[in-house]
Amino acid sequence: MSGMPIAIISDLHSNLEALDAVLHHAEGLARIDAVWCTGDIVGYCADPSAVIARVRQLDAVCVAGNHDLVACGKMGVQDFNPIAAAAALWQGEQLSPGERDWLAALPLVRQEGRSESAFTLVHGSLRAPEWEYLLDHEAAEAHFALQTTPYSIVGHSHQQFRVVEDGGAPRFVRATDGSSVALDRNRLILNAGSTGQPRDGDPRAGYILYHQDAAIATWHRVEYDIEAAQKRIVEAGLNPWLAERLAIGH
Ligand code: ZN
């Protein structure tokens, strides 16, 4: 079985400039064997079709996020704020029936990787795959109770971190650019942050490079052409705040 590195991306949110910058960065560091994506391929930014095309071309392993479910018509927008709702519905209108079908077929949870170091991929949490923000001890404990693989990867909060099971009590460790964790069979939850719309004050696109053979996962942040992505959002007639927030990582 191949042991080449895997790029873990999340919350792409139709930001083609950010996705391409991340893929370019990862390919500069290693020969990428696979791409895993923990959902929200579309939403917020201006290029849903192009981002779906890129993800399909990479044959990326994906789970569905809440924005993907809205864009393909499987979920309503009653729990979205008005700006997110308008953007999510706009995404669906841009997609072809084939693209919507592709999104609709994505699973909410899936397992990947070698059996002795398998990962569970889910957008929110195992307790509420499309909705829960896994950001506190109680949510982490409930998720770990349902996690049957050594490791899991979540997205949704657009924050880069890991959760360690420390003598029973989950401990959150915020990730910084270039920080790593050894996958040493202790159970972990990883979050790659957001590739297309970071919300931790750092506007650079986020992802994880997972070196299977070395059993190490490293968080990265990558500069990209934010102005180009903003221009696309404004030209598409989407809410200007969706462009502004990219520059401040909010
Ligand atoms: Zn998201």
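Just follow the structure's listing: the first ligand is 1, and inside any ligand the first atom is 1. Note that these values count all heavy atoms, side chains included, but never hydrogens, waters or copies made by symmetry.
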Taking 2.8 Å as the upper limit, name the protein N, O or S atoms near the Zn ion (ligand 1).
Asp11 OD2, His13 NE2, Asp40 OD2, His158 NE2
Is Leu209 close to Ile32 at the side-chain level, that is, under 4.5 Å between some pair of heavy atoms?
yes
Does the Lys NZ or Arg CZ of Arg245 fall within the cation-pi geometry relative to Tyr44 - under 6.0 Å from the ring centre and within 45° of the axis?
yes
Can you tell me how far apart CG (Leu134) and OG (Ser152) are? Round to the nearest 0.5 Å.
7.5 Å
Hey, do the aromatic rings of Tyr207 and Trp219 have their centres closer than 6.0 Å?
no
Smallest separation among heavy atoms of Ala46 and Leu238, with atom names:
CA-CD1, 4.2 Å
Considering all heavy atoms of both residues, which atom of Val163 and which atom of Pro170 are nearest to each other, and what is their separation?
CG1-CB, 3.6 Å
